[in-house]
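Encoded as structure tokens, the structure appears first; notes follow it.
To find a chain, count down the sequence lines: A is the first, B the second, and so on, and within it residues start at 1.
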Protein chains: 2
Amino acid sequence: MDNDDYRQRVIAAADRLYYTKGFSAVGMDQLRDAAGISLRRLYQLFPSKNDVVTAVLQNRRKIWADGLTEYMDAAPTPRGKLLAVYDFLADWFCEDDFRGCGFINAFAELGAVNSEIAAIAREHKMSFQRHMARLVAEIGAAPSLAHHLMLLAEGAQTTAALTGDPSAAHHARQAAEILIDTALAKEHPNTNGEDAETHLANHG
Amino acid sequence: MDNDDYRQRVIAAADRLYYTKGFSAVGMDQLRDAAGISLRRLYQLFPSKNDVVTAVLQNRRKIWADGLTEYMDAAPTPRGKLLAVYDFLADWFCEDDFRGCGFINAFAELGAVNSEIAAIAREHKMSFQRHMARLVAEIGAAPSLAHHLMLLAEGAQTTAALTGDPSAAHHARQAAEILIDTALAKEHPNTNGEDAETHLANHG
DNA sequence: CCCGAGTGAGAACGATCGTTCTCACTTGAG
DNA sequence: CTCAAGTGAGAACGATCGTTCTCACTCGGG
């Protein structure tokens with residue numbers, strides 16, 4: 001077992017602890033116990049707690065992007081890919097330990113004091129935003145639609161976390177369908193909305 | 001100057017400090033300095049830091065509700081009241097020290113460990129939700145519209161906080177207009193959309 | 001005046017945090 | 001084998017936290 005394996009073990013344990021309890025609520029001793037590693041090796045892998053936190057967030061960025069991409073790839077059409085975002089969220093919200101978006105949580109807890117963490121959270125959101133904008137451009141809708149869909153996804157995450165109700169993803173999907181179809185109807189006014197309506201009926 | 005004045009002074013100072021730096025990042029000593037009060041009196045007003053935090057959140061609940069109500073009352077129609085939410089957010093986002101929704105931040109930082117704070121944050125969101133649902137019922141739209149509009153407002157708050165871009169409120173308003181008008185067109189299909197369209201043009 | 005209750009300023013306390021150090025032990029090279 | 005380098009387990013350190021205590025002082029009622 002080499003250093004990279006140990007790093008990944010620490011990151012996995014830290015991610016779970018930080019996400020479920022908050023960053024400042026989890027000390028290095030607790031992380032050592034959870035990762036099954038000595039404090040000495042922990043500090044030679046990560047010179048400070050802040051390095052653990054940033055590594056955890058960078059790791060989570062990749063996991064989140066991969067998970068989302070997986071859902072999107074399963075959808076055949078650009079419209080379906082956009083709506084797959086909310087299916088991805090729906091499944092996520094149903095997980096037992098769901099506690100909101102880890103980046104929003106990190107920003108809320110540490111963003112004001114630690115600009116590096118604020119930057120990581122911001123970069124995560126902006127890459128999601130770019131992803132949405134690309135798909136919106138593909139279906140030929142106005143760029144503002146990407147903002148609208150992003151707001152729904154963000155709102156669903158915080159609402160599901162606070163209320164504990166996973167149906168926020170379902171509501172976000174409903175609204176997204178309306179916004180997408182309205183945007184498409186505005187850009188292609190000659191085609192009637194029949195296709196969109198049947199598509200909507202199949203999923204909703 | 002009686003005890004209530006002191007209490008209010010502490011709450012005001014604590015609110016600013018907690019909101020801009022986070023809860024665990026602000027100690028009681030710092031709060032004492034900011035409030036201009038002795039540690040002794042501080043602890044006889046609030047037996048523990050947790051009491052300060054909950055008092056701050058309860059206070060912020062009232063301030064938030066009053067501010068929103070003010071914006072809503074200025075709008076003549078129920079539709080205008082619903083859209084006033086996003087004007088309220090827009091002005092809020094432009095404040096210098098805006099750092100997202102204080103309740104989401106509190107939930108993110110302390111909600112996992114402190115169930116009392118989680119409950120306050122949840123209650124705040126649900127009272128906002130009820131407020132929206134009442135107005136949606138007034139304009140005769142489907143209840144799901146209230147969920148959609150709430151998601152937009154929530155998403156705007158986190159997006160504006162993370163990206164630092166106040167235009168999230170503007171985008172949320174755009175999307176809200178589309179969703180409201182679509183919902184109204186579905187509930188009253190005999191009236192054409194002209195009224196809604198001109199209203200939209202006046203505001204957007 | 002006296003006296004007791006309450007106050008401000010801040011030291012002190014115990015807990016906990018992030019981080020480093022100690023020390024006995026392992027291990028691979030010579 | 002010997003020895004140097006690295007490790008695990010955990011004590012130790014300094015800082016900081018929330019909270020309490022000390023002590024000199026104020027001040028209103030007798």
Under 3.5 Å donor-acceptor, B:Gln129 side chain and B:Met150 backbone:
no
Residues forming a ring pair (Phe, Tyr, Trp, His ring centres under 6.0 Å) with B:His124, sequence neighbours excluded
B:Trp64, B:Phe103
Which part of the nucleic acid, if any, lies within contact of A:Ile37, taking any heavy atom under 4.0 Å across all strands shown: a base, the sugar-phosphate backbone alone, or nothing?
nothing
B:Arg32 to B:Tyr43 six-membered ring, cation-pi geometry met (6.0 Å, 45°)
no
Rounded to the nearest Å, what distance is computed from the CG atom of residue B:Leu39 to the P atom of nucleotide D:dC17?
13 Å
Side chains of A:Thr182 and B:Asp181: closer than 4.5 Å at any heavy-atom pair?
no
Does a side-chain heavy-atom distance below 4.5 Å link A:Leu135 with A:Met72?
yes
For DNA chain D, what residues of residues 44-56 of chain A have any heavy atom nearer than 4.0 Å?
A:Gln44
Face-on cation placement of A:Arg61 at A:Phe128 ring, 6.0 Å and 45° thresholds:
no
A:Asp29: what forms a side chain to side chain donor-acceptor pair (under 3.5 Å) with it, not counting sequence neighbours?
none
Whether the B:Asn50 and B:Ser48 side chains hold a donor-acceptor pair (N or O, under 3.5 Å, no angle test) is what I'd like checked.
no
Please state whether the base of D:dT19 and the side chain of B:Arg40 form at least one donor-acceptor pair under 3.5 Å?
no
Heavy-atom distance under 4.5 Å between the side chains of B:Ser167 and A:His147, does that happen here?
no
Heavy-atom contacts under 4.0 Å between residues 20-32 of chain A and DNA chain C, which residues?
A:Val26, A:Gly27, A:Met28
Ion pair A:Arg134/A:Glu138, N-O distance below 4.0 Å:
no
Starting from the first five and the last five pairs of the helix from C:dC1-D:dG30 to C:dG30-D:dC1, work out the angle between the resulting helix axes, to 10 degrees.
20°
Please report, rounded to the nearest Å, how far the P atom of D:dG18 is from the CG atom of B:Leu42.
10 Å
Would you tabulate the pairs of protein nitrogen or oxygen atoms and nucleotide nitrogen or oxygen atoms of nucleotides 13-15 of chain D closer than 3.5 angstrom?
none

Quickly work out the B:Asp33 CG to C:dA9 P distance and round it to whole Å.
10 Å
Please name the pair of heavy atoms, one in A:Tyr86 and one in A:Leu152, separated by the smallest distance, quoted to 0.1 Å.
OH-CB, 4.0 Å
CD/A:Glu70: more than 12 non-hydrogen atoms of other groups inside 6.0 Å:
no
Looking only at C:dT20, D:dG8, C:dG10, the nucleotide nearest the A:Arg41 side chain is D:dG8
Is A:Arg60 close enough and on-axis enough to A:Tyr18, meaning under 6.0 Å and within 45°, for cation-pi?
no
